[in-house]
Asks: 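Here it is: the structure, laid out below.
If you read the sequence from its start, that first residue is 1, and numbering goes on from there.
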Amino acid sequence: MSTLARGENRPAPAQRLTVTVTSSASVDVSALLLGADGRVRSDADFVFFNQPVAPGVTYVHGRGAGDVVDVQTGALPRDVDKVVVTASLDGSGPPTFAGVGTLTATIGSDSGALTFPMSGLSTETAVVCVEIYRRGDGWKVRAVGQGYDDGLAGIASAFGVNIDDEPEEPAASVPPPLAPNSAPAFAPPPGQAAAPGQYAPPPGQAPPQPGQYAPPPGQYAPSPGQVPPQPMQPGQYAPPPGQYAPPPGSVPPPGQFAPPPGAPGQVNPAAQQQYSQPPSYSPPAYAAPAAPAFPQGVQPMQSELFDPVHAEVNGVGIQKQGGKMIKVAVNGEVLARAGSMVAYQGDLQFKALGSGGIGRAIQQRLTGEGVPLMKVTGRGDLFLANGAADVHTVDLDGTDGLTINGANVLAFDPSLTYNIKMVQGAAGFASNAGLFNCVFTGRGRIAITTHGSPVVLNVDQPTYADPQAAVAWSSSLQTGIKRNDSFGFSRLIGRSTGEGLTLSFSGRGFVIVQPSEQPPGGFIGGSGGGQEAGQSPGLLGGLLG
């Protein structure tokens with residue numbers, strides 16, 4: 001094995017190279033595919049734990065033995081000029097590389113290995129370890145060892161990765177629905193004027209031909225071969241718009257709407273002859289089977305489950321379905337916790353979003369906080385739940401935000417946005433990175449979960465809550481940490497009240513407190529980036545052991 005010095009370059013020993021990064025501290029390894037301008041072509045060229053594959057480059061988690069970046073130079077696109085391999089601290093150990101004992105990159109191949117031990121680092125939190133770059137028709141490797149003070153996000157930004165939220169997809173243009181029995185005016189050929197109220201055929205359908213039935217202005221045109229509606233006679237029943245009206249002198253067949261006999265201004269069906277179907281009507285070739293006869297009206301199955309209390313709720317958007325489930329009437333899209341779907345009806349599509357963008361994925365990795373998301377689009381009814389936790393809905397009107405642990409987020413309207421922010425006054429208590437939570441802002445509805453039925457405290461006096469019981473609070477509140485146990489001999493010998501630290505709240509707003517000190521990611525089904533993702537939990541999880 002040959003050792004490289006900082007800045008030294010060598011010819012690549014083979015077409016396939018494996019770059020293994022080992023360290024005495026926990027680090028995240030990533031790779032970036034760069035063009036001739038030294039920047040990524042798109043965000044897809046950023047290879048890391050949440051996006052492990054790109055053309056010619058694969059990230060493999062080392063499971064404690066060092067993460068690996070596998071590079072096959074022959075499979076790299078022609079417009080990729082360089083691949084850089086980086087390492088960044090994940091927030092669970094020393095705050096900078098000055099406190100890291102060893103950091104080594106090993107470039108392995110079938111023809112031998114090169115090793116690059118990095119030393120002399122100080123305030124850096126992320127390092128470019130090595131780069132593999134084109135030189136003529138071949139490839140070379142260079143030992144870099146340059147650092148950044150702003151972590152993985154700094155490296156990503158420096159090479160052109162957009163770490164902001166994923167851009168909103170443009171909304172599909174949907175024409176407004178037509179009113180019953182109405183149609184827009186027909187668009188005539190260029191240069192020809194359209195008559196007022198003229199019929200407009202659907203897209204792709206030919207316009208009416210000369211002699212073809214032309215409906216009166218605003219009336220629906222029948223399909224070819226269908227008998228057009230006849231004028232309404234005085235005293236004849238006038239149905240609501242869009243409802244069938246029988247021709248003069250006839251009554252509707254059995255099962256079809258008929259006005260009550262003798263109703264004022266309506267034809268009495270009993271005094272009319274049986275309705276005759278138009279010549280174009282063809283009855284079905286089969287007869288429907290007779291319904292089974294049940295004695296005295298007994299149904300084929302009975303259960304308290306058929307009580308209306310268990311029926312689907314009505315309403316648009318996010319609605320509570322009982323106490324532990326929500327129903328979302330999707331007509332467009334909604335964002336929900338990944339894996340929370342328990343049932344759906346209609347035409348819905350599901351797309352995984354990770355944490356909602358590369359920037360949030362990086363934040364989630366470093367802070368242990370976030371919401372693993374899926375986007376659900378289409379039209380239909382979506383039912384969501386999370387580990388039989390109690391569900392609640394909160395409507396935001398845009399004047400204040402909601403600070404909440406990502407583990408307690410079930411679904412929210414796409415009109416809301418969220419970011420991961422440090423809890424004010426709690427820096428340094430949970431880890432060297434501080435204490436983080438999700439902050440939702442905007443106008444819309446969010447569905448949250450609690451372990452048990454919560455209490456909502458109005459902060460009109462100094463208010464304190466156990467860090468693992470405080471689910472959410474108004475973002476405008478001021479927060480801090482209060483130490484309850486006095487430091488003395490009892491603490492030195494291990495005695496404690498069990499309430500050593502609490503979150504303090506002041507200002508104007510509310511705090512939602514659940515009747516459980518279950519850490520985030522427990523019975524409620526995992527936190528956004530914490531135990532569900534195999535990382536440290538958010539909201540003071542683990543702070544008190």
Side-chain angles (χ1 to χ4, degrees), residues 240 242-243 254-258 260 287-350 371 373-396 402 404-405 407-416 444-457 469 471-472 510 512-516 518 522-526:
Q243 195 170 23
Q256 204 164 23
F257 180 85
F294 296 100
Q296 300 179 351
V298 176
Q299 297 299 318
M301 201 174 296
Q302 292 184 344
S303 171
E304 50 83 19
L305 288 171
F306 302 139
D307 189 283
V309 71
H310 299 298
E312 297 179 38
V313 297
N314 295 318
V316 298
I318 300 172
Q319 301 287 334
K320 286 184 64 174
Q321 177 72 51
K324 299 181 181 295
M325 188 184 304
I326 62 170
K327 174 187 174 183
V328 186
V330 182
N331 185 14
E333 71 177 57
V334 69
L335 297 172
R337 171 173 292 278
S340 62
M341 184 274 292
V342 294
Y344 73 93
Q345 294 178 304
D347 182 18
L348 298 179
Q349 296 82 43
F350 298 80
V371 187
L373 293 175
M374 62 181 178
K375 179 163 67 174
V376 185
T377 58
R379 291 173 178 262
D381 295 329
L382 173 66
F383 297 87
L384 303 172
N386 192 5
D390 293 335
V391 297
H392 317 274
T393 59
V394 181
D395 292 327
L396 279 68
L402 180 71
I404 183 170
N405 182 348
N408 298 96
V409 177
L410 184 57
F412 56 94
D413 290 331
S415 57
L416 295 177
R445 174 168 291 187
I446 179 173
I448 69 174
T449 61
T450 61
H451 183 215
S453 181
V455 61
V456 179
L457 302 177
V471 171
F510 65 89
I512 301 173
V513 181
Q514 66 182 8
S516 168
Q518 179 68 28
F523 297 152
I524 313 179

Asks: Shortest non-hydrogen contact from Ala407 to Asn386?
Replies: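 Smallest heavy-atom distance, with atoms named: O-ND2, 4.3 Å.
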Asks: Looking at OG1 of Thr377 and CD of Gln349, how far apart are the two atoms once the value is rounded to the nearest 0.5 Å?
Replies: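 Rounded to the nearest 0.5 Å, the OG1-CD separation comes to 4.5 Å.
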Asks: Any chance you could measure Thr450, atom OG1, to Asp390, atom CG, to the nearest 0.5 Å?
Replies: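 Between Thr450 OG1 and Asp390 CG, I get 4.5 Å after rounding to 0.5 Å.
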Asks: Might you point out which heavy atoms bring Ala447 and Ile318 nearest each other, and give the distance in Å?
Replies: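 The pair with the smallest heavy-atom distance is CB-CG2, 4.1 Å.
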Asks: Rounded to the nearest 0.5 Å, what separates atom CD1 in Ile512 from atom CG in Asn405?
Replies: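 Spacing of CD1 (Ile512) from CG (Asn405) equals 12.0 Å.
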Asks: Apply ring-ring contact (aromatic ring centres under 6.0 Å, His included) to Tyr344 and list each qualifying residue two or more places apart in sequence or on a separate chain.
Replies: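 For Tyr344, the residues satisfying ring-ring contact (aromatic ring centres under 6.0 Å, His included) (neighbours in sequence not counted) are Phe350.
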Asks: Counting only N and O atoms by type, is there a donor-acceptor contact under 3.5 Å from the side chain of Asp413 to the main-chain atoms of Arg445?
Replies: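 Confirmed, Asp413 side chain pairs with Arg445 backbone.
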Asks: Under the side-chain contact (heavy atoms from CB on, under 4.5 Å) criterion, do Ile448 and Val394 qualify, and how do the steps go?
Replies: CA-CA 8 Å; Ile448 69 174; Val394 181; 4.3 Å; yes
Asks: To the nearest 0.5 Å, how far apart are CD in Glu333 and CG in Leu348?
Replies: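 One finds 12.0 Å between CD of Glu333 and CG of Leu348.
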Asks: Who pairs with Ser340 by side-chain contact (heavy atoms from CB on, under 4.5 Å), at least two apart in sequence or on another chain?
Replies: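 With sequence neighbours excluded, Ser340 shows a side-chain contact (heavy atoms from CB on, under 4.5 Å) to Ala336, Arg337, Met374, Leu384, Leu410, given in chain and number order.
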Asks: To the nearest 0.5 Å, tell me how far Leu335 CG sits from Leu416 CG.
Replies: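 Leu335 atom CG to Leu416 atom CG measures 9.0 Å (nearest 0.5 Å).
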Asks: So which atom in Ala329 and which in Gly315 form the shortest heavy-atom distance, rounded to 0.1 Å?
Replies: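 Taking Ala329 first and Gly315 second, the nearest heavy atoms are CB-O, 3.5 Å.
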Asks: Please test Met341 against Leu382 for side-chain contact (heavy atoms from CB on, under 4.5 Å), starting from the C-alpha separation and ending with a verdict.
Replies: CA-CA 7 Å; Met341 184 274 292; Leu382 173 66; 3.5 Å; yes
Asks: I'd like to know if the side chain of Gln321 and the backbone of Lys327 have a donor-acceptor N/O pair within less than 3.5 Å.
Replies: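 Checking the backbone N and O of Lys327 against the side chain of Gln321, no donor-acceptor pair under 3.5 Å is found.
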Asks: Would you name the heavy atoms of Phe510 and Leu402 that are closest together and state the gap between them?
Replies: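 Looking at all heavy atoms of both residues, the closest pair is CZ-CD1, 4.0 Å.
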Asks: For the residue pair Thr449 and Ala389, what are the closest heavy atoms and their distance?
Replies: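 Distance-wise, the nearest heavy atoms are CB-CB, 3.8 Å.
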Asks: With rounding to the nearest 0.5 Å, note down the distance linking CG in Leu305 to NE2 in His310.
Replies: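 If we round to the nearest 0.5 Å, Leu305:CG and His310:NE2 are 5.5 Å apart.
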Asks: With a 4.0 Å cut-off on N to O distance, would you call Arg379 and Asp347 a salt bridge?
Replies: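 Asp347 and Arg379: not salt-bridged.
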